[in-house]
Amino acid sequence: MSQEEQKTHTISGLDSETPQSGEVSALSDQREPEQASELQKLLTAKADECNALNDKFLRLAAEFENYKRLSLREQRDQVRYGNEQILKELLPVVDNLERAIQSAKDSQSQDALIQGVNLTLKQLTGALTKFGVRPVTSVGQLFDPKCHQAVSQVESAIVPENMIVEEFQKGYLLHDRILRAAMVSVSTGQAQGAIDGSSLPDGDRPQAECES
């Protein structure tokens with residue numbers, strides 16, 4: 001066999017093994033529906049996932065709005081009714097004052113009125129103590145501008161300078177915070193000298209906590 005015949009035989013063999021254009025088109029037509037079906041499945045799955053996430057978001061948003069409304073309502077109620085417990089404790093004090101006044105009118109005796117007022121004051125002090133209100137100790141203590149307010153000053157050969165001589169109005173603490181400063185008179189010792197919360201030198205300014 002000559003070389004030309006061998007080449008012709010080889011080329012014709014390759015032509016018989018290579019798919020024709022019609023066969024390629026048929027294969028492509030078979031694959032396209034399969035790919036389209038897979039893409040459709042993926043698209044459907046992603047759409048379902050998006051819908052689930054959207055539903056979850058809507059539920060969370062609704063729950064958050066409900067939480068906001070509930071919180072605002074609780075805040076309003078706290079502001080409006082925050083003093084309910086202490087007011088309940090004070091109502092019996094009002095009752096006892098009314099009874100003391102009525103008893104004094106009926107008996108025409110001041111002793112009954114004084115006794116009733118003293119009992120009522122004791123009850124009121126007890127009610128305040130329940131809520132952390134305590135009186136500030138003043139007389140005989142070193143003047144402390146954090147819990148005392150000096151309204152007058154007196155010379156004294158006995159009471160040392162800057163010591164409290166007299167209390168005009170009692171001061172009170174609410175737990176560890178000053179609720180109302182005590183109005184006091186302060187000794188200047190032998191020499192005259194101004195004394196108030198701002199006039200004390202830093203070295204002389206008491207740093208101790210208010211005592212009850």
Side-chain angles (χ1 to χ4, degrees), residues 71 74-212:
S71 297
E74 290 178 350
Q75 290 177 4
R76 289 194 297 267
D77 290 345
Q78 183 65 28
V79 172
R80 190 173 185 180
Y81 303 108
N83 297 326
E84 181 179 1
Q85 189 59 37
I86 190 171
L87 293 175
K88 283 183 178 180
E89 294 289 338
L90 294 179
L91 289 179
V93 177
V94 176
D95 296 337
N96 286 337
L97 278 174
E98 292 174 346
R99 294 189 188 103
I101 294 173
Q102 187 61 44
S103 177
K105 289 180 179 179
D106 295 340
S107 62
Q108 299 295 323
S109 172
Q110 291 185 354
D111 293 339
L113 179 61
I114 293 173
Q115 183 179 5
V117 171
N118 283 333
L119 291 174
T120 304
L121 177 60
K122 184 177 180 180
Q123 185 181 17
L124 177 58
T125 303
L128 293 175
T129 303
K130 285 184 179 180
F131 293 91
V133 179
R134 297 172 291 122
V136 174
T137 302
S138 298
V139 177
Q141 300 295 316
L142 183 66
F143 176 80
D144 186 349
K146 295 192 297 294
C147 49
H148 302 130
Q149 179 183 355
V151 295
S152 67
Q153 49 191 338
V154 294
E155 293 183 8
S156 177
I158 300 175
V159 180
E161 184 180 2
N162 293 344
M163 297 296 290
I164 296 174
V165 179
E166 186 179 359
E167 181 182 64
F168 301 110
Q169 180 175 277
K170 188 172 293 185
Y172 289 93
L173 290 167
L174 177 59
H175 302 295
D176 57 350
R177 180 183 298 177
I178 189 69
L179 186 61
R180 186 182 72 183
M183 299 176 63
V184 298
S185 176
V186 184
S187 172
T188 61
Q190 293 287 355
Q192 287 282 357
I195 179 165
D196 56 41
S198 60
S199 63
L200 288 175
D202 292 339
D204 298 332
R205 191 183 299 274
Q207 298 299 321
E209 296 294 333
C210 298
E211 297 181 0
S212 60

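Since this is a predicted model, take the numbers as computed values, not measurements.
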Qualifying residue, where the test is side-chain contact (heavy atoms from CB on, under 4.5 Å) with V133 and the options are L128, I86, T125: L128
Reported NZ-to-CZ distance for the pair K146 and R177, which is rounded to 0.5 angstrom: 15.5 Å
Output for pair (S138 OG, Q169 CD), nearest 0.5 Å, gives 10.5 Å
What closest approach, in Å, do S187 and S156 show between heavy atoms, and which atom pair accounts for it? OG-CB, 3.7 Å
Decide if atom CD1 of I158 counts as having more than 12 heavy atoms of other residues, nucleotides or ligands within a radius under 6.0 Å. no
Step-by-step side-chain contact (heavy atoms from CB on, under 4.5 Å) determination, T120 to R99: CA-CA 10 Å; T120 304; R99 294 189 188 103; over 6 Å; no
Please lay out, stage by stage, how L179 and L173 fare under the test side-chain contact (heavy atoms from CB on, under 4.5 Å). CA-CA 5 Å; L179 186 61; L173 290 167; 5.9 Å; no
Got a second to check how far E74's CD is from R76's CZ, nearest 0.5 Å? 10.5 Å
CD1 on I164 to CG on L142, rounded to 0.5 Å: 7.5 Å
Could you walk me through whether M163 and V186 satisfy the side-chain contact (heavy atoms from CB on, under 4.5 Å) test, starting with their C-alpha distance in whole Å, then the side-chain angles of each, then the deciding distance to 0.1 Å, before giving a yes or no? CA-CA 6 Å; M163 297 296 290; V186 184; over 6 Å; no
Please report the closest heavy-atom contact between A100 and V117, naming both atoms and the distance. CB-N, 4.2 Å
What are the two closest non-hydrogen atoms of H175 and F131, and how far apart are they? NE2-O, 3.7 Å
Between L124 and L90, the two heavy atoms sitting closest are CD1-CD2, 3.2 Å
Have D111 and Q115 got a donor and an acceptor in their side chains that come within less than 3.5 Å? no
Nearest 0.5 angstrom please: K170 NZ to T137 OG1, how far? 9.0 Å
What's the shortest heavy-atom distance between H148 and V184, and which atoms? CB-CG2, 4.1 Å
Test side-chain contact (heavy atoms from CB on, under 4.5 Å) on N96 and L119 and set out the steps. CA-CA 8 Å; N96 286 337; L119 291 174; over 6 Å; no
Within this structure, what is the CD-CD distance for the pair E155 and E161, rounded to the nearest 0.5 Å? 11.0 Å
Closer than 3.5 angstrom, by distance alone: can the side chain of R134 be matched with the main-chain N or O of Y172 as a donor-acceptor pair? no
Close side-chain approach of K130 to Q85, heavy-atom, < 4.5 Å: no
Contact summary for Q123 and P92, nearest pair of heavy atoms: NE2-CB, 3.4 Å
